[in-house]
Amino acid sequence: MLLAATGIVWLAAVVWIYVGSRDEVEHVLDTRLQEAARMVASLASGFDTLPGSSTPSAVQPLGSYERQLSCQIWSLDGRMVAKSSGAPDQQLSPAASGFSDRIIDGEPWRVFSVEDADHNLRVMVGDRVGLRERLVTDLIKGLMWPALLIAPLLGAAIWASVGQGLRPLRRMAQDLGAREPDDMRHVETERAPTEVRPLAVALNGLLSRVEAARRHEREVTAFAAHELRTPLAGLKTQAQVALAADDPKVVRGALEQIVTAVDRSARLVRQLLTIARLDSDTADAPLAPVAVGPILEEIVAATPRHERTTVTIDESVRTMTLNTNAECLQLALRNLHENAVQHTREGRVAWTARGHALVIEDEGPGIPADELDQIGKRFFRGRLRSPIGSGLGLAIVKLALAKVGAKLTLSNREGRSGTRSELTFDV
Amino acid sequence: MRILVVEDDPILADGLRTGLSLTGATVDAVGTCEDADTALATSRYSAVVLDIMLPDGSGLDLLRKLRGRRDATPVLLLTARDSVGDKVSGLDSGADDYLAKPFDLDELAARLRAIVRREGGRAAPAMTHGAIVLSPADLSATVAGEPINLSRREFAILAALMERPEQVRSRAELEERLYGWQEDVESNAVEVHIHNLRNKIGKDTIQTLRGVGYRMGTAR
């Protein structure tokens, strides 16, 4: 490809040089004709009479370009007064003055004529076009030989340097081609030449991102498998206990555990379906003014809590109206509230408003600092998990809030244990 | 058999405790790696049922730690992931067996009996000492081919003594086998059970070494 391109450029250069030098040579030769004619004319005008016929010159031809020029002097009445040796007998040009192209004895000629009316003279100087072309051809040949020698050398040099330059890329391609699908090791950038390094660095960046995405996916799959299969294992074990036990008390206990397990599984299924619905519906939810108070009161009333836990809703929340989507708001508030009361075994869960932000604070154990950025990942349950959580609640909150352009900020309370969740709504 | 169950899901942990007790085992249950570590450092267990994904870390890390301190207690892993890679990494971390959730309770109990048996160096499922044959799988016992009726605790004591017939077991050791954490130990329970056992399988089958403990009598 590169060689073909170089060849074409090379050929174009040759044509260009050929045409250019031919024009140049012709121009030079034309000028020479012109000057020779004028010179002869001015010489001839110095004689009053010229001999009837010229004597051929004794000069012998020395090389192939010798006697290239032929000169004739004619009187204006059509007599040849003189001619140079080797010049044809036939009149070189019919034209009175200026350049003309003629065929004489089957050979093309280029002729320049000068007329001197005062001295009754017409001088014609001409040369053979064939000779001119030989001159040009010889010139080009002289240029072409070294060029023809250089071309393969240049080709080899290009081949070698391009091959050398591409070798790191080829090595990289071989390395990448031979990899296992899950091999996300970085390609080497240290030894890569400067031109390839940005590519290698960009590739490594991509590999890192793909690796992170895969790890995230694997984690979610592992978490999901655990969260989905453990309740099933519990159900099956309790059912087998109920079948195997003779003691009615044991049977009853196992059956009660089964009922609880089914309730929890039902909640898990509900949450999974909610996530699936929020995921599949990518459009933003339609916004309308929503009164927060009634929604929150309904949630609080419907959520069981530990005996010694109280829930307070600030007056500012009861009267709050947000431009949002009622369903999304309800999902977010319910899951946050469930989290708060599940983790507060004893104490207060408080809902307050701050401008356009809704805040819920609990008195549970809070979130370990190293888990704050993981929390909200699907199926992720921290060290301080509640026994009935699924790891989906906060994921649902985040999805629901994203649909209405709101944001969740989770933090640990300052000065005491507990979690603080703040919902910020766009005005 | 005294089994430690390490599982954080309360319903499954409860099911395992009750279910394994029905097969004659004494069961303690904990929900975190930390508690499991403490339990294993302070008590001797015949086997551990270990969940991989625990709130405060990976069961595999706990297992490696356990093996790191040369604790050879047989471990059965409970895993939610059943890909080959997970099984391999579990077994390579020192597990003796694994089961994928959800599992069959009877299969779990059988596998536990098998890894305990292997750890004790026995290949046959039944334990034999002279004319006495114990079958842990169905808690049945025979003396010279005659079936005898043993209570769950009598069976547990006899099995503990027959695991290493020549070894003396202290009363505290036998009590540990009999009672989980939640159960109150009756002060003379072991003596009572030994007495009853001697009545059922013969006076000389169990020797008392005053102030030391009990061991099996010479096999006839």
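Keep in mind that the numbers below use all heavy atoms, side chains included, and drop hydrogens, waters and symmetry copies. Labels below follow one simple rule: chain letters A, B, ... track the order of the sequence lines, proteins then strands, and each chain is numbered from 1.
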Approximate separation, where rounding is to 0.5 Å, of [X] [atom1] and [Y] [atom2]:
X	Y	atom1	atom2	value
Leu22(B)	Asp247(A)	CG	CG	9.0 Å
Glu256(A)	Ile11(B)	CD	CD1	11.5 Å
Thr230(A)	Glu7(B)	OG1	CD	5.5 Å

Can you tell which part of Asp104(B) gets under 4.5 Å to a heavy atom of chain A, answering side chain, backbone, both or neither?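 For Asp104(B), heavy atoms of backbone and side chain both lie under 4.5 Å from chain A.
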
Residue Leu54(B) versus chain A: region with a heavy atom under 4.5 Å: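 Interface part for Leu54(B): backbone (N, CA, C, O).
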
Heavy-atom donor-acceptor pair, Arg229(A) side chain to Ala80(B) backbone, under 3.5 Å: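 Confirmed, Arg229(A) side chain pairs with Ala80(B) backbone.
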
Taking the side chain from Gln240(A) and the backbone from Leu105(B), do they hold a donor-acceptor pair closer than 3.5 Å?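 Between the backbone of Leu105(B) and the side chain of Gln240(A) there is a qualifying donor-acceptor contact (under 3.5 Å).
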
[Y] side chain reached by [X] side chain, heavy atoms, under 4.5 Å:
X	Y	answer
Arg264(A)	Pro10(B)	yes
His226(A)	Lys101(B)	yes
Gln238(A)	Leu12(B)	no

Taking [atom1] in [X] as the centre, count heavy atoms belonging to other residues, nucleotides or ligands within less than 6.0 Å. Is the count above 12?
X	atom1	value
Phe155(B)	CZ	yes
Asp246(A)	CG	no
Lys200(B)	NZ	yes
His186(A)	NE2	yes
Arg67(B)	CZ	yes
Arg69(B)	CZ	yes
Arg164(B)	CZ	no
Arg348(A)	CZ	no

Tell me which of these, Leu232(A), Ile258(A), Val241(A), Thr260(A), has more heavy-atom pairs under 4.5 Å with chain B than the rest.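 Highest number of heavy-atom pairs under 4.5 Å: Val241(A).
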
When only pairs under 4.5 Å are counted, which of Thr23(B), Thr32(B), Asp51(B) shares the most heavy-atom pairs with chain A?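 Sorted descending by pairs with chain A, the first entry is Asp51(B).
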
Under a 4.5 Å heavy-atom cutoff, which of Asp14(B), Thr18(B), Asp56(B), Leu108(B) has the most pairs with chain A?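 Looking at each option in turn, the highest pair count goes to Asp14(B).
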
Quick one: what part of Ala254(A) sits under 4.5 Å from any heavy atom of chain B, side chain, backbone, both or neither?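 Neither part; nothing is under 4.5 Å.
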
Least distance between heavy atoms, Met53(B) atom then Phe223(A) atom: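 Nearest pair, atom of Met53(B) first, then Phe223(A): SD-CD2, 3.6 Å.
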
